[in-house]
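Note sheet for the following structure.
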Amino acid sequence: MSADSYRLLADGVLITHLAFIAFVGGGLLLILCGGVRGWKWIRNPWFRTAHLAAIGVVVIQAWFGIICPLTTLEMHLRDQAGDATYNGTFVAHWLRRLVFFDAPLWGFAVGYSLFGLAVIGSWWKFRPDPFRKNKLKAWKNP
C-alpha cells in the first residue's frame, strides 16, 4: 500500500475518533438540554445505553492507563506512511488540534471520571425509558 493510502486511512481513523468524542460530549449536552426542554428522544434507552457505555470505556481505559485504540491505530497508520508527526495532511493537522492536547495522565483519568459521573447523573435526573419488547416489535412490524 502507498504512503498516501496509509495517510488517508489514518485521516479516516482521526475523523472516527472525532465523531466518537462528539457523540460522548455532544450526547451529554443534548441529554441535559433535552431533559430541560422536554425532548422525548433523549430518553431512548438504546441511545442512553450506548452513550453510557462509550464514556464508561473511556473512563476504564484512563484509570488502567490504556491508550485509546483509535489513537494507537492512527499512529500505526501514520508510521506506515512514513510520517513521524501529525503534519501529514490538512485534515490530520486541524483535527489533531481539536482532539488532542497535553495534560498529565492522571488529569485525563480525573476529567473522564467527572464526565462519567455527569453522564450517570443525567440518568438520575432525566431517566431513559425502559427497554420494551412490545415497543420494539411494533417498530419492526408496523
Side-chain angles (χ1 to χ4, degrees), residues 1-140:
M1 201 168 356
S2 72
D4 287 338
S5 297
Y6 281 112
R7 275 189 201 99
L8 185 62
L9 288 171
D11 288 350
V13 172
L14 184 57
I15 290 168
T16 301
H17 203 172
L18 184 61
F20 182 85
I21 292 166
F23 172 69
V24 172
L28 180 59
L29 183 62
L30 288 170
I31 290 165
L32 298 176
C33 289
V36 170
R37 296 176 148 255
W39 299 341
K40 294 191 182 301
W41 70 267
I42 63 109
R43 297 183 184 275
N44 180 295
W46 296 101
F47 167 67
R48 297 294 293 276
T49 300
H51 186 252
L52 181 62
I55 189 59
V57 167
V58 171
V59 169
I60 290 167
Q61 286 175 346
W63 279 106
F64 284 100
I66 299 168
I67 302 291
C68 176
L70 292 172
T71 301
T72 304
L73 177 58
E74 182 198 352
M75 288 184 180
H76 170 73
L77 292 169
R78 295 211 185 278
D79 183 52
Q80 294 297 310
D83 292 346
T85 62
Y86 279 90
N87 51 2
T89 67
F90 176 81
V91 173
H93 175 77
W94 288 105
L95 287 180
R96 185 179 189 298
R97 288 177 180 247
L98 289 172
V99 173
F100 300 106
F101 51 92
D102 293 324
L105 289 178
W106 66 265
F108 285 103
V110 170
Y112 295 150
S113 296
L114 291 173
F115 194 91
L117 289 173
V119 171
I120 291 169
S122 76
W123 275 65
W124 172 76
K125 181 70 176 165
F126 306 111
R127 286 206 154 304
D129 292 333
F131 288 100
R132 294 189 182 126
K133 279 187 172 184
N134 293 343
K135 196 173 191 179
L136 185 59
K137 282 182 187 176
W139 182 75
K140 283 183 178 180

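- Qualifying side-chain contact (heavy atoms from CB on, under 4.5 Å) partners for D79, counting only residues two or more places apart in sequence or in other chains: none.
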Could you go through residues 51-59 and list every donor-acceptor pair under 3.5 Å that involves a side-chain atom there, pairing it with any protein atom two or more places apart or in another chain?
unit_1: H51; atom_1: NE2; unit_2: V24; atom_2: O; d: 2.8
unit_1: H51; atom_1: NE2; unit_2: L28; atom_2: N; d: 3.3

List the atom pairs, with distances to 0.1 Å, where a side-chain N or O of residues 114-125 and a protein N or O form a donor-acceptor pair under 3.5 Å, not counting sequence neighbours.
unit_1: S122; atom_1: OG; unit_2: R48; atom_2: NH2; d: 3.4
unit_1: S122; atom_1: OG; unit_2: V119; atom_2: O; d: 2.6

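- For L30, the side-chain contact (heavy atoms from CB on, under 4.5 Å) partners two or more places apart in sequence, or in a different chain, are W39, W41.
- Atoms CZ and CG, on R78 and D11 in that order, are 4.5 Å from each other to the nearest 0.5 Å.
- Considering all non-hydrogen atoms of both residues, I67 and T72 come closest at CG2-OG1, 3.6 Å.
- Here the closest non-hydrogen pair linking A109 and A62 is CA-CB, 3.7 Å.
- Every pair passing side-chain hydrogen bond (donor to acceptor under 3.5 Å, both in side chains) that includes a residue from residues 54-69 is listed here, sequence neighbours excluded: W63-S113.
- Atom CD of residue Q80 and atom CG of residue L9 lie 11.0 Å apart, to the nearest 0.5 angstrom.
- For the atom pair CG of L8 and CE of M1, the computed distance is 10.0 Å after rounding to the nearest 0.5 Å.
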Check against side chain to side chain contact (heavy atoms under 4.5 Å, CB included), F20 and T16 | CA-CA 6 Å; F20 182 85; T16 301; 5.8 Å; no

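- Closest approach of P45 and P130 over heavy atoms only: CG-O, 4.0 Å.
- H17 approaches C68 most closely through the heavy-atom pair NE2-SG, 3.7 Å.
- Under the rule for a side-chain contact (heavy atoms from CB on, under 4.5 Å), the partners of R43 that lie at least two apart in sequence or sit in another chain are F126, R127, D129.
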